[in-house]
Amino acid sequence: MATALAFARRGAGRGEVPVGAVIVHGPSGRIMARRFNLVMAHNDPTAHAEMLAIRAAAKKLGTARLTHCDLYVTLEPCPMCAQAISFARIRRLTFGAPDPKGGGVEHGPRIFDQPTCHHRPEVIGGLRASECGELLKDFFRERR
């Protein structure tokens, strides 16, 4: 989560909502991808840290199925990202701050609890939640 937080801070420094994501290959412990949001830079509403990290890890591993990979992200994934996590067959999702307004895992549509969900990863929420949440609060406070 420390690496995800560092990447979230890098994104904030570029004016992006500070969300960082890291994908780790479980068996080897190697980091496969590290990304932060690039929504504004790419003018792309799908350029969330999770989506970018999934794409990079899949390319690096040469497979669309990340069955042995774990995703660490500083904010509860939105429904779009939760669905992508399911499609990628991520083994474990660990996130920091909950997102009652836009989350799709423990809030909102709870994608992994839907009967049509293809795959439900192990979910660990709240890791370093205060630190992750403060980063977001500080970012938005500065913009108001």
Side-chain angles (χ1 to χ4, degrees), residues 1-42 44-58 60-61 64-144:
M1 189 60 80
T3 302
L5 276 160
F7 268 71
R9 288 184 189 98
R10 284 179 62 185
R14 295 179 179 207
E16 299 283 353
V17 173
V19 177
V22 176
I23 294 183
V24 176
H25 185 256
S28 70
R30 287 187 2 229
I31 292 178
M32 304 311 299
R34 296 174 284 237
R35 296 292 186 274
F36 51 83
N37 278 0
L38 287 171
V39 171
M40 304 308 285
H42 290 179
D44 179 357
T46 70
H48 290 194
E50 302 96 309
M51 300 291 282
L52 299 172
I54 288 168
R55 290 174 189 148
K60 189 171 191 175
L61 289 167
R65 302 287 185 252
L66 305 177
T67 56
H68 299 294
C69 293
D70 302 332
L71 171 62
Y72 295 83
V73 62
T74 57
L75 180 66
E76 175 184 352
C78 73
M80 172 185 68
C81 292
Q83 194 66 59
I85 290 164
S86 175
F87 286 147
R89 309 298 198 269
I90 297 282
R91 179 176 76 164
R92 180 180 303 121
L93 164 66
T94 302
F95 69 85
D99 188 358
K101 183 177 178 184
V105 177
E106 291 184 349
H107 296 89
R110 300 176 189 246
I111 297 297
F112 304 138
D113 293 337
Q114 299 304 314
T116 55
C117 183
H118 291 87
H119 166 77
R120 184 190 189 338
E122 177 185 347
V123 176
I124 301 166
L127 181 64
R128 296 177 75 168
S130 296
E131 190 175 355
C132 294
E134 284 303 314
L135 181 60
L136 287 157
K137 286 176 191 170
D138 292 345
F139 176 82
F140 287 113
R141 187 178 309 120
E142 289 175 10
R143 273 142 187 77
R144 289 185 184 123

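- Gln114 places a side-chain N or O within 3.5 Å of a backbone atom of Pro109 that can act as its donor or acceptor partner.
- Under the rule for a salt bridge (charged side-chain N to carboxylate O under 4.0 Å, His left out), Arg65 has no partner lying at least two apart in sequence or in another chain.
- Taking every heavy atom of both residues into account, Leu75 and Pro98 meet most closely at CD1-O, 3.9 Å.
- By the 4.0 Å N-to-carboxylate-O rule, Arg9 lies close enough to Glu131 to be salt-bridged with it.
- The shortest distance between side-chain heavy atoms of Leu71 and Pro121 does not fall below 4.5 Å.
- Using a distance-only test at 3.5 Å, with no hydrogens or angles considered, no donor-acceptor pair links the side chain of Glu106 to the main chain of Glu76.
- Qualifying salt bridge (charged side-chain N to carboxylate O under 4.0 Å, His left out) partners for Lys137, counting only residues two or more places apart in sequence or in other chains: Glu134.
- In this structure, Val19 and His48 have side chains that are not in contact, with every pair of non-hydrogen atoms separated by 4.5 Å or more.
- A 4.5 Å side-chain heavy-atom check between Val24 and Tyr72 finds at least one atom pair inside the cut-off.
- Shortest non-hydrogen contact noted between Thr94 and Met1 is O-CE, 3.9 Å.
- Contact check for Thr74 versus Leu135: no side-chain heavy atoms found under the 4.5 Å cut-off.
- The NE2 atom of His25 lies 13.5 Å from the CD1 atom of Ile31; values are rounded to the nearest 0.5 Å.
- Annotation for Val22 and Ala4: closest pair CG2-N, 3.5 Å, computed over non-hydrogen atoms.
- Note that the CD atom of Glu122 and the CG atom of Asp70 stand 8.0 Å from one another [nearest 0.5 Å].
- Of all heavy-atom pairs spanning Ala33 and Ala56, the tightest one is CB-CB, 3.8 Å.
- With Asn37 contributing its side chain and Glu16 its backbone, the two residues share no donor-acceptor pair below 3.5 Å.
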Begin with the C-alpha distance, continue with both residues' side-chain angles, and end with the deciding distance and a verdict on side-chain contact (heavy atoms from CB on, under 4.5 Å) for Val73 and Cys81. CA-CA 11 Å; Val73 62; Cys81 292; over 6 Å; no

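- Counting only residues at least two apart or on different chains, the ring pair (Phe, Tyr, Trp, His ring centres under 6.0 Å) pairs with a member in residues 90-144 are Phe87-His118.
- Of all non-hydrogen atoms in Ser86 and Cys117, the two that sit nearest each other are OG-SG, 3.3 Å.
- Two residues are said to be in side-chain contact when any heavy atoms from C-beta on lie closer than 4.5 Å; Val17 and Met40 fail this criterion.
- The local environment of CZ in Arg30 is sparse, with at most 12 non-hydrogen atoms from other residues, nucleotides or ligands closer than 6.0 Å.
- Residue Ile85 forms a side-chain contact (heavy atoms from CB on, under 4.5 Å) with just one option from Ile111, Leu66, Val123, Ile90, and that option is Ile90.
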Between Arg55 and Thr46, does a side-chain contact (heavy atoms from CB on, under 4.5 Å) hold up when you go through it step by step? CA-CA 12 Å; Arg55 290 174 189 148; Thr46 70; 3.6 Å; yes

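- Counting all heavy atoms, side chain and backbone alike, Phe7 lies closest to Phe36 at O-CB, 3.2 Å.
- Between Asp44 and Leu38 there is no side-chain heavy-atom pair separated by less than 4.5 Å.
- Contact of the Arg91 side chain with the His68 side chain is not registered, since no non-hydrogen atoms from C-beta on lie closer than 4.5 Å.
- Here the CE-CD distance, from Met80 to Glu50, works out to 7.5 Å after rounding to the nearest 0.5 Å.
- The structure places CZ of Arg144 at 11.0 Å from CD of Glu142, a figure rounded to the nearest 0.5 Å.
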